[in-house]
There are 2 protein chains.
Amino acid sequence: MSEAQPLYAKVKDHILENIRSGAWEAGRRVPSENELVESFRISRMTANRALRELTAEGFLSRVPGVGTFVKESPALSSLMELRNIAEEIAQRGHRYSSRLIRKGLVDANPALAEEFEDRALKQLFHIVIVHEENGVPVQLEDRHVNPSLVPDFLDHDFTETTPTAVLLAATPVDELEHTVEATLPTTEQQRLLNIAALEPCLALYRRSWSRARVATVVTLTYPASRYALYSRHRTNARGTFSQ
Amino acid sequence: MSEAQPLYAKVKDHILENIRSGAWEAGRRVPSENELVESFRISRMTANRALRELTAEGFLSRVPGVGTFVKESPALSSLMELRNIAEEIAQRGHRYSSRLIRKGLVDANPALAEEFEDRALKQLFHIVIVHEENGVPVQLEDRHVNPSLVPDFLDHDFTETTPTAVLLAATPVDELEHTVEATLPTTEQQRLLNIAALEPCLALYRRSWSRARVATVVTLTYPASRYALYSRHRTNARGTFSQ
DNA sequence: AAGTGGTCTAGACCACCAG
DNA sequence: TGGTGGTCTAGACCACTTT
């Protein structure tokens, strides 16, 4: 299980662990480069790389001549919350159901290995599920999961628990990437979602990272007539908008 | 003007300049670390840092044993941020242009008054703009603006400054609402965006509040083939996700 | 003066890929 | 076999801040 890990990555993990666990609160000073050199028995360049990358990633801030500090974690905006579709539908007072279309192990190909940022990846879990609201298909979920991060993924019966719930319980989500596109459905999608060929769809593509590795890649397809993505949120007090 | 610049930054700038200018197209091999060592008279670690950072920033991709290459820059728009589309396009090294279709004062109707949460609203600013990337329409902006919040809105010439930039400069953004839908284009949209009737589009509807009042309501229409919405963010260190 | 981060060097070893 | 990227070291000089 435990891959050979570069030294700078070990240092980063150690620091992140302390931040995530709450042991090091925002504003707290983290070990200096020289202190890391001693405690990890590494060169200063390696310690520097760990602190520099964590700074670039937004976890730390550095002040020359003073030290390195845990940064306030910015309020997360909510357009793309990881909502559990079953709960979302239940919240609207409707009946949730699902149909499991595919569930199994598939061989990786170069494109999938690239998506998972892991050349060595040989096999992946793959599931396809249709989620229904009052019996009407509203979402087609096509998901690949990294077996090394969630080895027991296929043990679940996804009629009772959604894949999202399983994954959230199994691994922390450190980072999310979303892409939203408009598409016309493939013939298979038309069949599974029971829609016309000219019904436009929203395709939400999402990658989730856990501990610096891609845990799952999913494409969610929504018929336009039955679903829209929505969010509303207050902006952060500092008004931090790009430009 | 010319600040003292670290060596790795000079190397990064040199490479970015070549990418932005189009001299180095996507897929093209960039100089190897050893080649940079020779041409810039730097150490390999410095060359490595430049290439590694540009890779982390999404400009390059590296393949061990093979080389470093200019990455495709897909047209992607951040969902979460209020990005200025002109800067976004410029950032990709492409040419931004726009066509002003409509600009003026319109009477409010009940639906608009409802959207602006202000029954007393009598008139509104209205603009329609087509934004182009390398001369190709990529976004249709249909925007209403609350005159009481941005009285001088129409004084601007939107060929030089985008409406987003004008609004961000004029009022703080306190709250945002987004809805994303997939649509098929109306005939007018087909004409303005120069797309086929069967080209699906993303419709991003956004309301912005400033000081508890709706400042602007905008619908941004993107042809699916030319644009996707994109966001990537780190989750809060404490892992605060809904559900 | 001592400690901090910011940068840089000139080597090194390794895994990987190509011809 | 030679080139590539990936990592690491043990030094170094600098500007800066704190004591």
Side-chain angles (χ1 to χ4, degrees), chain A residues 2-16 19 24 27-71 108-111 113-114 116-122 211-214, chain B residues 2-15 19 24 27-71:
Chain A
S2 55
E3 304 287 327
Q5 210 181 192
L7 294 178
Y8 74 87
K10 287 183 185 167
V11 177
K12 286 178 70 174
D13 279 356
H14 170 255
I15 294 169
L16 274 180
I19 295 177
W24 295 354
R28 180 197 154 118
R29 192 178 162 285
V30 309
S32 71
E33 296 185 358
N34 285 325
E35 288 165 346
L36 291 172
V37 163
E38 288 202 4
S39 58
F40 281 84
R41 302 286 176 168
I42 57 183
S43 73
R44 209 195 126 201
M45 275 299 275
T46 302
N48 173 272
R49 177 168 176 182
L51 294 179
R52 178 156 40 81
E53 290 191 359
L54 286 174
T55 303
E57 290 161 17
F59 292 103
L60 303 176
S61 66
R62 314 195 77 183
V63 184
V66 181
T68 304
F69 304 88
V70 176
K71 212 174 175 181
N109 56 42
E114 170 104 4
F116 276 82
E117 298 180 337
D118 181 358
R119 253 173 254 280
L121 205 58
K122 294 287 176 258
R211 303 192 188 90
R213 287 191 293 170
V214 176
Chain B
S2 58
E3 302 287 325
Q5 213 183 188
L7 293 179
Y8 75 87
K10 287 182 186 168
V11 177
K12 287 178 68 175
D13 280 355
H14 170 253
I15 294 169
I19 295 177
W24 295 355
R28 181 201 155 117
R29 191 176 161 286
V30 310
S32 72
E33 296 184 358
N34 285 324
E35 289 166 344
L36 290 173
V37 164
E38 288 204 4
S39 59
F40 280 84
R41 302 285 176 168
I42 57 181
S43 73
R44 208 194 127 203
M45 275 299 276
T46 301
N48 173 271
R49 177 167 178 183
L51 293 179
R52 178 157 39 82
E53 291 192 359
L54 285 174
T55 303
E57 291 161 19
F59 293 102
L60 303 176
S61 68
R62 315 194 76 182
V63 184
V66 181
T68 304
F69 305 89
V70 177
K71 210 173 177 183

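Below, chains carry the letters A, B, ... as their sequence lines are ordered, and counting in each starts from 1.
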Point to revise | Options C:dT4, D:dT18, D:dG5, nucleotide nearest the side-chain atoms of A:N34 | key: C:dT4

Practice item. Report the distance from atom CD of B:E33 to atom C1' of D:dG6, rounded to the nearest whole Å. Key: 8 Å

Point to revise | Gap between atoms CG and P, on A:L7 and D:dC8 respectively (whole Å) | key: 4 Å

Check your understanding: Does A:S43 place a side-chain N or O at less than 4.0 Å from the phosphate oxygens OP1/OP2 of D:dA10?
Key -> no

**Study point:** Under-4.0 Å side-chain N/O to phosphate OP1/OP2 contact, A:N48 with C:dG5
**Key:** no

Study note, to complete from the structure: Shortest non-hydrogen pair, B:T46 vs B:Y8, comes out as CG2-N, 3.7 Å

Check your understanding: Looking at A:R62, does any N or O in its side chain come under 4.0 Å of the phosphate oxygens OP1/OP2 on C:dG6?
Key -> yes

Review point. Is there a side-chain polar atom (N or O) of A:R29 under 4.0 Å from OP1 or OP2 of C:dT4?
Key: yes

Check your understanding: Atom CZ of B:R41 to atom P of C:dT9: distance rounded to whole Å?
Key -> 12 Å

**Study point:** Gap between atoms CD and C1', on B:E53 and C:dG6 respectively (whole Å)
**Key:** 12 Å

Check your understanding: Counting only side-chain N and O atoms of B:T46, is one of them less than 4.0 Å from OP1 or OP2 of C:dT7?
Key -> no

**Study point:** Length of the CG-C1' vector between A:L60 and C:dG5, whole Å
**Key:** 13 Å

Check your understanding: Is the distance from OP1 or OP2 of C:dC8 to the nearest side-chain N or O of B:Y8 less than 4.0 Å?
Key -> no

Exercise for review: Heavy atoms only: give me the nearest A:V11-A:A50 pair and the separation to one decimal.
Suggested key: CG1-CB, 3.6 Å

Review point. When the distance from CD1 of B:I42 to C1' of C:dG11 is rounded to whole Å, what number comes out?
Key: 16 Å

Check your understanding: Which one of B:R49, B:R52, B:R62 satisfies the side chain to side chain donor-acceptor pair (under 3.5 Å) criterion with B:E33?
Key -> B:R62

Revision key, fill the gap. Looking only at D:dC8, C:dT7, C:dT4, the nucleotide nearest the A:R44 side chain is C:dT7

**Study point:** Value in whole Å for how far the C1' atom of D:dT9 lies from CG of A:L36
**Key:** 16 Å

Exercise for review: Starting from the 5' end of DNA chain C, give me the residue, A:G67 or A:M45, whose nearest nucleotide shows up first.
Suggested key: A:G67

Check your understanding: Which listed nucleotide (D:dT7, C:dT4, C:dG5) is nearest to the side chain of A:E35?
Key -> C:dT4

Review point. Is any side-chain nitrogen or oxygen of B:R49 closer than 4.0 Å to OP1 or OP2 of C:dT7?
Key: yes

Study note, to complete from the structure: Comparing A:A9 with B:G65, nearest DNA chain D nucleotide closer to 5' gives the residue B:G65

Practice item. Round to the nearest Å and state the distance from B:L54 atom CG to D:dG5 atom C1'. Key: 15 Å

Revision key, fill the gap. Scanning both residues in full, the closest heavy-atom pair of B:L60 with B:V70 reads CD2-CA, 4.0 Å

Exercise for review: Compare every heavy atom of A:T55 with every heavy atom of A:S61, then report the nearest pair and how far apart it is.
Suggested key: CA-CG2, 4.4 Å

